[in-house]
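The block underneath contains the structure these notes are about, expressed in structure tokens.
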Amino acid sequence: MKKRGITMRRDVSVSVRYCFFNMNDPDWGGYTPQRRKLRQAVTLAIDSQSFIDVFNRGNGVLAQSMLAPGVFGYDPKFRNPYTQFDPSLTKAKQLLAEAGYPNGVDPKDGGPLTLTMDAISGSPEVAAQDELIKRQVEKLGIKVNLVFTRYAVWQDKTNKGQFQFSPIYGWFADYPDPENFLFLLYGPNKAPGPNASFYSNPEYDRLFLQMQKMEDGPERAAIIRKMLDLTTEDCPVIPMYHDVNFSLSQGWVRNTKTHPISNDDSQYRGIDPVQREKMQAQWNQPNYVPLWAGLFLIVASTIPAARVIGQRTNRKVRRADANMVREGDGE
């Protein structure tokens, strides 16, 4: 395809895939150091790169926060300390113990700490993604109850706050401004608004209102960083990855760069009809080999048939003489 002048574009989507906790849940929500460490431990147990490798064929960008690449305030150097997966789970197990659940054991009854994960029933691929998260979290010794429901039921439970944890949710930007991502954790936007985690931090909300209508610049970037630091420690959501989109276009097509959000960019495409006709004529040279090969096979197959017909037509039939006495008649 490359030899024929076809080009491929690889663009990071202005979106984010993430999991979220119910911050109002009596067991997993709250803002005490113990509850924060509990959520941080689960975050450290999830290997987002495995999702990119297995389900996206390696195409994706690991998310460090809710901000997507290309949006103001996104810092490619920023590293969320709780999304840096370590196969040994050393830090995750340490935080779990500090939260009061060593090796995932609930001191109340001596059994495993339980996390109910409400997921949307769908395709086998979606179910496999949820199962992968379940297995990863259970490596901490936590028992995960994975519950599948139809989207309408899941949405109703989410809006009413009747859940503990939900996996693999996504947000695609409506407009290219950090406000369109940061408002996902703004307290007054709680469900049934876009704040599905019911996150409510007065300091975050104050900074959000300050940042919301500011012009892009160093001051706005500093406020955004403070907001990201707050949500990183509170851990109401687990940012996982940003999607990557691919597109192919012929050499005679112009203005092929897609808009990251708008869907009306087709009107700006350009076509070079002269080049297209030239390339199509070059690629579509008639190939007579199949035709001659077909004719040869037809002729070759008719020769044996013609011989058989000729032999049957020219065959002579011998008649026995009536006066001849057959052997054994006794006459």
Side-chain angles (χ1 to χ4, degrees), residues 1-20 46-80 83-85 119-133 136 151 166-178 180-182 184 194 237-280 282-284:
M1 296 174 71
K2 187 176 181 179
K3 290 179 180 179
R4 291 192 170 193
I6 297 175
T7 58
M8 181 179 70
R9 295 190 61 87
R10 181 180 184 272
D11 300 297
V12 181
S13 173
V14 188
S15 64
V16 62
R17 303 281 183 176
Y18 62 98
C19 308
F20 59 93
I46 294 179
D47 181 12
S48 298
Q49 186 63 50
S50 65
F51 283 80
I52 296 175
D53 294 339
V54 175
F55 299 106
N56 293 355
R57 296 180 176 87
N59 299 308
V61 176
L62 287 174
Q64 306 298 326
S65 71
M66 296 296 282
L67 281 183
V71 176
F72 179 81
Y74 175 82
D75 183 2
K77 298 180 181 180
F78 173 71
R79 291 294 179 268
N80 186 328
T83 59
Q84 310 308 306
F85 178 72
I120 304 171
S121 59
S123 66
E125 180 181 357
V126 173
Q129 293 176 357
D130 298 331
E131 288 286 349
L132 181 55
I133 289 184
Q136 290 177 345
Y151 177 79
S166 185
I168 311 298
Y169 202 54
W171 180 261
F172 295 81
D174 300 305
Y175 43 91
D177 189 88
N180 194 225
F181 286 93
L182 298 176
L184 294 171
V237 297
I238 303 176
M240 296 189 65
Y241 62 91
H242 309 287
D243 289 312
V244 171
N245 299 325
F246 289 86
S247 61
L248 296 172
S249 59
Q250 297 282 5
W252 59 71
V253 183
R254 304 289 183 263
N255 305 329
T256 58
K257 183 176 181 179
T258 58
H259 194 284
I261 297 175
S262 175
N263 294 321
D264 64 349
D265 51 1
S266 296
Q267 60 185 315
Y268 302 108
R269 298 283 189 270
I271 303 294
D272 186 340
V274 176
Q275 184 183 0
R276 179 176 62 180
E277 184 176 355
K278 176 182 177 181
M279 297 303 296
Q280 288 179 339
Q282 178 182 339
W283 297 344
N284 297 332

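Residue indices begin at 1 and follow the sequence shown.
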- For the student: nearest non-hydrogen atoms of P167 and I133, plus distance: CB-CD1, 3.6 Å
- Residues passing the salt bridge (Lys or Arg N to Asp or Glu O under 4.0 Å) test with D53, sequence neighbours excluded, are none
- Query: Between F55 and Q129, is a side-chain contact (heavy atoms from CB on, under 4.5 Å) present by the stated rule, with each step listed?
  - Reply: CA-CA 8 Å; F55 299 106; Q129 293 176 357; 3.6 Å; yes
- Atom pair CZ/CD of F85 and Q49 - distance to nearest 0.5 Å: 11.0 Å
- Please say whether more than 12 non-hydrogen atoms of neighbouring residues, nucleotides or ligands are located less than 6.0 Å from CD in E277. no
- Item | Evaluation steps, side-chain contact (heavy atoms from CB on, under 4.5 Å), between L248 and T7 | CA-CA 6 Å; L248 296 172; T7 58; over 6 Å; no
- Query: Can you name the nearest heavy-atom pair linking Q136 to S50, along with the distance?
  - Reply: NE2-OG, 3.1 Å
- Is there side-chain contact between W252 and M279, with heavy atoms separated by less than 4.5 Å? yes
- Validation row: V126, I168 side chains within 4.5 angstrom (heavy atoms): no
- Of all heavy-atom pairs linking T256 and R9, the shortest is O-CD, 3.7 Å
- Item | Those residues that, when tested against R79, pass salt bridge (Lys or Arg N to Asp or Glu O under 4.0 Å) (two or more places apart) | none
- Are the side chains of F172 and D243 in touch, meaning some heavy atoms are under 4.5 Å apart? yes
- Ignoring hydrogens and geometry, is there a side-chain-to-backbone donor-acceptor pair from N59 to N56 under 3.5 Å? yes
- Just wondering, do M8 and I6 contact through their side chains at under 4.5 Å, heavy atoms? no
- Between N255 and R269, which heavy-atom pair has the shortest distance, and what is it? O-NH1, 3.0 Å
- When every non-hydrogen atom of Y241 is compared with those of F51, the smallest separation belongs to CE2-CB, 4.2 Å
- Message: Which heavy atom of S13 sits nearest to which heavy atom of H242, and what is that distance?
- Response: O-CB, 4.3 Å
- Looking at CD1 of I52 and CZ of R57, how far apart are the two atoms once the value is rounded to the nearest 0.5 Å? 14.5 Å
- Query: Are N245 and T258 close enough that some pair of their side-chain heavy atoms sits under 4.5 Å apart?
  - Reply: no
- Task: Rounded to the nearest 0.5 Å, what's the gap from CZ on R254 to CD on Q275? Could you check?
- Result: 5.0 Å
Please set out all donor-acceptor pairs under 3.5 angstrom arising from side-chain atoms of residues 64-74, sequence neighbours excluded.
unit_1: Q64; atom_1: OE1; unit_2: N80; atom_2: N; d: 3.0
unit_1: Q64; atom_1: OE1; unit_2: T83; atom_2: OG1; d: 3.1
unit_1: Q64; atom_1: OE1; unit_2: Q84; atom_2: NE2; d: 2.8
unit_1: S65; atom_1: OG; unit_2: L67; atom_2: N; d: 3.2

